[in-house]
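Worksheet: one structure, shown below.
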Amino acid sequence: MEISKTYEPIEIEKKWLNFWEEHKLYHSEPNNSKPFTIVIPPPNVTGSLHMGHALNNLLQDIIIRFKRMNGFNSCWVPGTDHGGIATQNVVERILKKAGILRENIGRDKFLEEMWKWRKETGDTILYQLKKLGCSCDWDKTSFTMDDRRSKSVNYAFTKLYEKGLIYRGERIVDWCPRCGTALNESEVEQEDEKGKLWYIKYPIQNESDKLIIVATTRPETMLGDTAVAVNPNDERYKKFIGKNAVLPLVNRIIPIISDEMVDPKFGTGAVKITPAHDRNDAETARRHNLVLIHAIDKEAKITSFIINDLNGQPIKNFEANELIGKDRYEARKILIEKLKEKELLEKEENYVLPITRCYRCDTATEPLISKQWFLKMNGMAKRAMESAKTEETKFFPEKWLKPYLLWLENLKDWCISRQIWWGHQIPLWYCMNCAGEHILGTLDDKAVSIKWMLETLKLTPQQIKEKVKDYEVGNINIDSKGVFASEKQPEKCPQCGKSDFIRDPDVLDTWFSSALWPMSVFGWPEETKELKYYYPTDVLVTGHEILYLWVARMIMMGLEFRNNVPYHDVYIHGIVRDSKGKKMSKSLGNVIDPLGIMEKFGTDALRFALAYQGIPGRDMQISDENFLMARNFANKLWNVSRFVMMNLDQNAVILPPLASLASGGSSAKNLDDLELTDKWILSELNLTIKNVTKAIEDYNPSEASRLLYEFIWSKYCDWYVEFSKTRLYGNDEKTKSTTQKVHIEIIEKILKLLHPIMPFITEEIFQNLKKQSKSIMISDYPKYDESETDKTADEEIREVIEVITAIRNIRSEMNVKQSDLVDIIIKISSDESEKIINENKQYINSLAKVKEIKFSKTSEKPKLSASAIIGNIEIFVLLEGKIDLEKEKKRLESQIHKINQEANVCAAKISNKNFLEKANPEEVERVKQKLQELYDKKKKLEEIVKNLDIK
RNA sequence: GGGCGGUUAGCUCAGUUGGUUAGAGUACUUGCUCGACACGCAAGGGGUCACAGGUUCGAAUCCUGUACCGCCCACCA
């Protein structure tokens with residue numbers, strides 16, 4: 001045999017990757033069999049695959065391969081996601097290093113760069129998925145921004161717009177000053193940080209001796225204050241309600257109002273109200289019809305708007321001039337100094353406050369009022385909740401249902417517009433004629449409209465389009481007049497018939513297209529045959545971090561557009577963490593690169609390690625130890641199959657049994673000369689089939705992996721293979737042939753069971769064994785057969801194994817050389833046991849290095865021997881000249897000690913009246929029997945020890 | 001502030017409806033190159049199952065509380 005002693009994965013993986021692809025074994029077409037469909041959570045084209053992706057895709061591949069082998073028309077649709085802000089940031093950063101700024105090259109040029117990037121990284125990611133062994137149908141590869149998917153997006157947007165579900169609103173949004181865009185609540189991260197609470201004195205108008213003190217964590221926002229609020233029941237401040245305060249440094253006159261929202265116990269019980277920069281304050285302002293003043297702009301700098309009073313008129317005694325144009329934090333410092341100078345700062349305290357940061361660039365966000373497009377969520381959320389409650393969608397593990405429902409219940413309208421360039425540009429058009437009067441935004445600090453640009457600036461419609469597109473003109477601020485959604489570039493304005501349009505420059509939230517993904521990959525909204533056949537899909541496999549961002553929205557869109565959920569099962573797995581429990585991230589520098597692992601340990605080892613750690617409902621920590629264990633396991637499998645192949649007579653034995661086994665049915669069980677070890681291992685295999693199948697169906701890859709590891713290593717390799725050697729190396733051709741057949745059956749079924757988890761090594765061994773071109777990938781998964789379970793064999797083999805282990809133990813304890821054979825005498829009180837031991841003598845001889853076994857009926861104890869007791873079997877290992885009697889005595893006494901401890905526990909139970917009365921009878925019987933056994937064993941051991949003393 | 005999860009051998013983790021002596025890998029000790037495998041074989045040592053109560057004949061497992069760790073959600077300035 002020229003097969004290497006260790007498994008060398010690299011070449012083998014390459015070979016089968018090509019083979020599978022050449023034969024299009026991944027490909028699926030609608031046909032008459034039952035489909036099983038998974039749509040990939042498309043990885044962002046931000047970079048290369050990380051361990052989280054590896055896990056996510058591995059789990060999908062396990063299911064897909066498993067189902068394929070179980071006769072389903074398995075289809076796994078791959079693809080990538082454009083990734084919105086995340087991807088744009090990456091490219092911006094790279095361009096910046098080359099000295100290129102997005103603003104300078106303009107939208108079109110920048111997008112060209114983006115597409116170049118996406119081509120490269122998209123290809124890399126797909127290549128990496130292939131390397132991982134993912135059996136996706138690559139012919140169906142999609143991208144969220146390709147033509148087909150863009151059509152779906154435009155269609156969906158237009159339909160939702162026409163239904164009146166999309167509206168433009170003015171809301172406080174978290175604005176990232178670095179990325180220059182609004183962020184969704186799910187795109188920000190909150191963290192508690194050490195800060196300060198400043199107590200600032202606001203003088204009361206016309207009562208210069210009186211003050212109202214407010215506490216704030218963000219003093220710079222006071223520049224935009226338009227009120228001070230107190231609780232209506234707060235006795236301290238009742239006298240001030242209705243009066244005015246003078247905003248320090250700005251000298252704006254602002255009203256003192258009362259509102260239930262104010263907590264009298266916090267701070268001073270008086271709150272400054274900054275409606276343009278705080279969610280709460282915006283609400284309060286709405287209730288009290290307060291004016292809002294922008295104090296901070298989109299770059300987080302202090303604006304000039306603060307010079308206006310509540311009526312929009314310039315303030316006369318304005319003292320804060322130098323703050324205008326300063327960064328928010330710098331302004332804060334100056335402000336505090338100035339307040340100190342004027343003795344308007346009462347005090348400052350240390351305080352821990354929540355800071356909201358952009359999840360991509362980590363910049364502290366600025367709450368800003370801005371115009372955004374929103375999708376109404378109320379109705380859609382209700383339907384999604386219904387579908388979850390009626391189990392149209394089931395969550396695995398179930399614990400995710402509750403948070404999911406809770407999230408839907410509190411769902412606010414979805415802000416779907418983003419002020420970036422990379423994404424689906426919103427398919428809304430503004431007629432330059434009809435919408436001409438409306439304010440488009442600001443240009444050089446002036447409010448501008450289309451009409452103004454046409455007439456005053458004398459710009460051409462084309463120039464205006466460019467200015468809007470590149471965001472030279474700020475937020476579009478048009479109301480419904482002259483606005484319409486259209487899937488394609490409109491030809492004529494339905495209102496005036498003219499054909500000069502500006503397209504809304506915003507793009508859609510990246511999750512908008514993701515939400516349509518399970519439908520769009522099959523060509524929706526067209527009723528394609530794929531859509532009819534594969535949709536709804538079967539299961540969505542994803543990490544819990546995007547349960548809300550993505551899963552919930554897909555379900556809502558599915559219900560909205562097709563009246564059904566896009567999948568019936570949602571399988572939520574854990575997040576991969578490093579060995580310290582931290583989430584892997586590039587910035588922390590704790591990422592383990594799956595490609596590196598694949599090279600070092602092999603792809604199958606990576607897969608097995610991840611599957612092994614993939615415990616439902618838990619995040620997982622992963623380290624080199626896991627990969628090492630998996631690599632060793634792969635090697636074990638490799639070698640045991642080498643062993644089997646080395647022991648086959650190539651032409652005589654291998655082909656006939658394999659031909660019959662190929663159908664998937666068992667033939668070994670029908671052989672007429674099966675003996676105990678065969679029956680036992682076949683029964684164990686059968687049980688493993690049952691449990692592994694159940695584990696995979698229950699989305700428990702960890703359980704499946706553990707079961708296979710245990711069976712293959714601890715049962716098959718450690719015991720059956722060793723048992724079988726005496727027969728394979730013997731001269732009896734019949735028994736030899738039987739053993740070979742059993743081995744072939746076991747190994748073939750092991751390979752199939754393991755294939756979904758370890759596709760490469762199993763294919764390699766399978767093909768070596770079979771020498772046929774048919775792939776294991778499309779072979780039949782082993783089926784559990786109840787008739788093959790053999791409990792008797794299991795009990796009987798245990799006796800043999802225990803005897804062997806006991807003798808080995810004695811040999812080891814007594815330092816008997818490996819090469820020395822020993823004689824043993826066995827005393828058995830039961831004929832049945834004697835028969836079993838007698839029939840399996842050869843195994844005891846070979847595995848425990850025994851020269852001769854004698855059976856004895858006398859009560860006499862052989863001198864100079866070490867002993868062990870297994871149930872009703874007494875074993876005496878004859879060790880003349882090798883035994884240390886003192887040591888033997890100690891060994892036996894420590895055994896007696898252990899038995900005593902255990903017996904005490906049992907005896908206590910038996911003497912407990914309550915136990916006898918209340919425990920179930922089977923348990924009582926078990927304990928009684930157990931106690932009897934312990935006493936018997938103890939008695940025998942004590943006798944032996946006594947004999948030792950006599951010597 | 002609310003919700004969820006975790007705490008089991010030195011380390012990383014399993015442990016199904018409460019019921020054998022709480023398991024595995026790794027690390028450790030000892031002995032093995034004997035015809036699959038030293039990425040191996042054999043034998044061993046190692047745990048008050050975070051803590052405190054409770055339910056029960058019986059608790060790692062169920063309940064309550066506490067501590068620490070982690071995650072998610074929330075408008076307390």
For [N], does OP1 or OP2 lie under 4.0 Å from any side-chain N or O of [X]?
X        : N      : result
A:Tyr720 : B:rA36 : no
A:Trp713 : B:rC41 : yes
A:Lys265 : B:rC76 : no
A:Asn809 : B:rG44 : yes
A:Lys399 : B:rC72 : no

Nearest to the [X] side chain among [options], which nucleotide is it?
X        : options                : answer
A:Arg706 : B:rC13, B:rA77, B:rC39 : B:rC13
A:Arg926 : B:rC11, B:rG19, B:rA36 : B:rG19
A:Gln613 : B:rU12, B:rG25, B:rA36 : B:rU12
A:Lys402 : B:rC73, B:rA77, B:rC4  : B:rC4

Taking a pair as Watson-Crick or G-U wobble with both distances under 3.5 Å, which nucleotide is matched to B:rU48?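 Looking at the geometry, B:rU48 pairs with no nucleotide.
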Pair assignment for B:rC71, Watson-Crick or G-U wobble, requiring both distances under 3.5 Å: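 Base-paired to B:rG3.
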Basic-acidic side-chain contact under 4.0 Å: A:Asp259, A:Arg287: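 Judged by the 4.0 Å cut-off on N to carboxylate O distance, A:Asp259 and A:Arg287 do form a salt bridge.
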If we require ring centres under 5.5 Å and near-parallel planes under 30°, does A:Tyr709 stack on B:rA24?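 Taking the rule of under 5.5 Å and under 30°, the ring of A:Tyr709 does not stack on B:rA24.
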Between B:rC34 and B:rU20 - P atom distance, rounded Å: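 Roughly 43 Å separates the two P atoms.
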If you take atom types as modelled and just measure distance, does the side chain of A:Asn914 reach the base of B:rC57 with a donor-acceptor pair under 3.5 Å?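 By the distance-only test, no, there is no pair.
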Taking atom types as they are modelled, is there a donor-acceptor pair under 3.5 Å from the base of B:rA42 to the side chain of A:Glu722?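 Absent.
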Base, sugar-phosphate alone, or nothing: which one does A:Tyr351 contact when heavy atoms must sit under 4.0 Å apart?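 Sugar-phosphate, no base atom in range.
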By the 4.0 Å heavy-atom rule, please label A:Asp263 as base, sugar-phosphate, or nothing.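 Base contact.
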Verdict with supporting geometry, A:Ile296 and A:Glu220, side-chain contact (heavy atoms from CB on, under 4.5 Å): CA-CA 9 Å; A:Ile296 298 167; A:Glu220 68 277 13; 4.2 Å; yes
Test: A:Lys347 cationic atom under 6.0 Å from A:Tyr199 six-membered ring centre, within 45° of axis: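 Pair A:Lys347/A:Tyr199 counts as cation-pi.
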